[in-house]
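Contents: one structure, followed by commentary.
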Amino acid sequence: MSNIEYNPKSEHAAEFIHDGEIRDTLSYAIEHRNDKALIEEILRKAEEGNGITHREAAVLIEVEDKEIVERIFHIARQIKERIYGNRIVMFAPLYLSNHCVNGCVYCPYHAQNRTIPRRKLTQDEIRREVIALQDMGHKRLALETGEHPKLSPIEYVLESIDTIYSIHHKNGAIRRVNVNIAATTIENYTRLKDAGIGTYILFEETYDRAAYEKLHPTGPKSDWAYHTEAMDRAMLGGIDDVGIGALFGLSSYRYDFVGILMHAEHLEARFGVGPHTISVPRIRPADDIDPTDFPNAVTDEVFRRIVAVLRIAVPYTGMIVSTRESQRSRELVLDVGVSQLSGGSRTSVGGYAEGIEDAEESAQFDISDNRTLDEIVGWLLDLDYVPSFCTACYREGRTGDRFMSLAKRGLIGNCCAPNALMTLAEYLEDYASPAVKLRGKQMIARQTAALPSLKVRDITMRNLEEIVKGKRDFRF
Ligand code: SF4
Ligand code: SF4
């Protein structure tokens, strides 16, 4: 019996992602999955919209009664509508390099894979990629790179961020660069912060240490504790927006679901601010990776429940799904919690610009949703969502606890809604097809008229007129 105690405030991974606490939680959840009185109490708390604990959330994941499952979806939908309205924030990944020293068995970039072409973008190629992304209409990127201290050291990442922010092609600009790079030192996190990154993103892959060690047999990433404590170092280095996630299907989804929430509770307990986002990727086929090698695959139904209960448990944390998911499964999770989507994505190194060598063959995983950004924007409008290209909070310094306190007081609604409409208007003027432009303009007219504050409505209408005349970058 281990003598490590569960302590959400601890700086040690084994104490805040405590294996015993997770296993006890899973047994508790199974034991209480038909406990009507307890479930009612949890649902009442959930309806208040201030979150529930990992234990309570675990019970909701196990509930068997179909009517209660529908109530869970209903509550998640209400919370989502209250906090996020019908806005969906858009972004795209940008792969810088697929050189990697790690041995992650589920990723084709693992060091032993000799069949995949290895690519690292030059600054000139990054410029071409960013111009292609700007020409699609993107304003927000997530940088991705394999871990290779010699070929893609932190200096390369910092230089690439500078390059990205410096490019202004026609009316285009990348206004927020989120960064998904390997766990690193406090000093390097400070350098990323100073380079002006938005969110630092790092997925835990699986919180189950034993499974993690099997899935990561070689390379620096094999150190579970160093990887799991990365967000603590990021926060100590001054980054206050961090994005966590697990790769569902690698190991037990139940374990990883509880692990994500305990990670969020830990960041809140230790730093007073939880994660800015949670990503919910599922394992996908890729070069030399067969998903049938992973018997823990998560069904659409379970996936939807995971998203809904996360929305209930951490109402103010953005939730992201990527183009790993098909149009249909994205639709299933949009209405119960997801607030950010990627669109028009390429998961290869050099996949956006024309003519970058080996770009097609260097993908990290196969994409299920292959539609263009314009098609995704049109689809979201048809579903009555407002696609948003907003990056205002980060640029106004509303990050970390400042963002959370604003969000919790509901003030974000006065910023997000008009910002979504103004950034959508920019997109429509500069990049949309005629049909999408027409639908988008109708949406903007309807939604502007519905803005609750007269003052905000007036300013928004004025700014929308200016956008049509060619002015850009308005924000609340
Ligand atoms: Fe490298 Fe990341 Fe792929 Fe692991 S998941 S092999 S660290 S690129
Ligand atoms: Fe996100 Fe802030 Fe923009 Fe709202 S105003 S969409 S929270 S960046």
Side-chain angles (χ1 to χ4, degrees), residues 83-91 93 95-113 116 118-120 139-140 143-149 151-152 175-176 178 180-184 198-199 201-206 212 215-223 227 230 241 245 247 250 276-277 281 283-284 286-289 316-320 339-340 347-349 362-365 386-400 402-408 410-424 456 474-476:
I83 298 174
Y84 302 86
N86 58 353
R87 301 174 300 276
I88 302 292
V89 170
M90 307 302 305
F91 76 99
Y95 282 73
L96 295 182
S97 162
N98 65 355
H99 292 279
C100 194
V101 293
N102 288 307
C104 315
V105 303
Y106 49 86
C107 172
Y109 293 174
H110 66 84
Q112 291 75 25
N113 185 359
I116 199 164
R118 299 289 173 171
R119 296 281 292 116
K120 171 190 166 186
K139 300 282 186 272
R140 183 188 278 248
L143 282 199
E144 314 276 341
T145 179
E147 179 168 11
H148 203 296
L151 289 174
S152 25
R175 297 172 181 159
R176 179 176 176 123
N178 298 332
N180 180 356
I181 62 163
T184 185
T199 310
I201 302 161
L202 183 70
F203 301 157
E204 183 63 23
E205 320 297 10
T206 176
Y212 182 98
L215 292 158
H216 303 92
T218 54
K221 193 170 168 182
S222 59
D223 184 339
H227 188 81
D241 281 356
L247 182 49
L250 276 185
H276 191 67
T277 54
I283 190 122
R284 290 281 304 147
D287 181 276
D288 101 334
I289 306 296
Y316 298 99
T317 300
M319 223 186 305
I320 303 176
S339 57
Q340 285 192 33
T347 59
S348 49
V349 184
S362 66
Q364 192 186 29
F365 56 85
V386 178
S388 171
F389 295 86
C390 179
T391 53
C393 281
Y394 153 69
R395 295 164 77 227
E396 294 290 320
R398 294 191 295 250
T399 59
R402 190 149 172 248
F403 167 82
M404 280 298 167
S405 85
L406 276 172
K408 286 180 184 169
L411 295 176
I412 279 299
N414 273 336
C415 304
C416 299
N419 286 341
L421 297 172
M422 293 188 298
T423 55
L424 175 60
V456 171
F474 296 99
R475 61 180 181 265
F476 284 91

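Just follow the structure's listing: the first ligand is 1, and inside any ligand the first atom is 1. The residues of the chain are indexed from 1 along the displayed sequence.
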I need the atoms of ligand 1 closer than 4.0 Å to a non-hydrogen atom of [X], numbered in the order shown.
{"X": "Cys100", "answer": "1 (Fe), 6 (S), 7 (S), 8 (S)"}
{"X": "Tyr109", "answer": "3 (Fe), 6 (S), 8 (S)"}
{"X": "Gly146", "answer": "8 (S)"}
{"X": "His110", "answer": "6 (S)"}

Best match, Gly103, Gly219, Cys104, Ser97: closest heavy atom to atom 6 (S) of ligand 1 |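 Shortest heavy-atom distance from atom 6 (S) of ligand 1: Cys104.
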Compare Asn98, Thr218, Asn113, Asn102 and give the one whose heavy atom is closest to atom 7 (S) of ligand 1.
->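 When every heavy atom of Asn98, Thr218, Asn113, Asn102 is considered, Asn102 comes closest to atom 7 (S) of ligand 1.
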Test item: side-chain donor near acceptor, Tyr95 and Gln364, under 3.5 Å =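 Side-chain D/A pair, Tyr95 to Gln364: present.
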How about His216 and Asp223: does a side-chain donor come under 3.5 Å of a side-chain acceptor?
->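 Short answer, no.
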Write out the residue and atom name of the closest protein heavy atom to [atom], then the distance separating them to 0.1 Å.
{"atom": "atom 2 (Fe) of ligand 1", "value": "Lys221 NZ, 4.0 Å"}
{"atom": "atom 3 (Fe) of ligand 1", "value": "Cys107 SG, 2.3 Å"}
{"atom": "atom 1 (Fe) of ligand 2", "value": "Arg140 NH2, 4.3 Å"}

Side-chain touch His276/Thr317, heavy atoms, less than 4.5 angstrom =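 No, every pair of side-chain atoms sits at 4.5 Å or beyond.
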Side chains of Ile320 and Phe91 in contact at under 4.5 Å (non-hydrogen atoms) |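 In contact.
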From the options Thr347, Asn98, Asn180, select the one residue that forms a side-chain hydrogen bond (donor to acceptor under 3.5 Å, both in side chains) with Glu144.
->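 Exactly one option meets the side-chain hydrogen bond (donor to acceptor under 3.5 Å, both in side chains) with Glu144, and it is Asn180.
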Which is it for His216 and ligand 1 at heavy atoms under 4.0 Å: side chain, backbone, both or neither?
->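 None of His216 does.
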Atoms of protein origin (N, O or S) under 2.8 Å from atom 2 (Fe) of ligand 2 =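 Atoms qualifying: Cys393 SG.
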Which class fits the ring pair His148 and His99: parallel under 30°, tilted 30 to 60°, perpendicular over 60°?
->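 Ring orientation, 0 to 90° scale: perpendicular.
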When you measure from the side chain of [X] to the backbone N and O of [Y], does any donor-acceptor pair fall under 3.5 Å?
{"X": "Asn419", "Y": "Arg475", "result": "no"}
{"X": "Lys120", "Y": "Leu96", "result": "no"}
{"X": "His110", "Y": "Thr218", "result": "no"}
{"X": "Arg87", "Y": "Pro387", "result": "no"}

Asp241 and Arg176 ion-paired at < 4.0 Å |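 Answer for the salt bridge query: yes.
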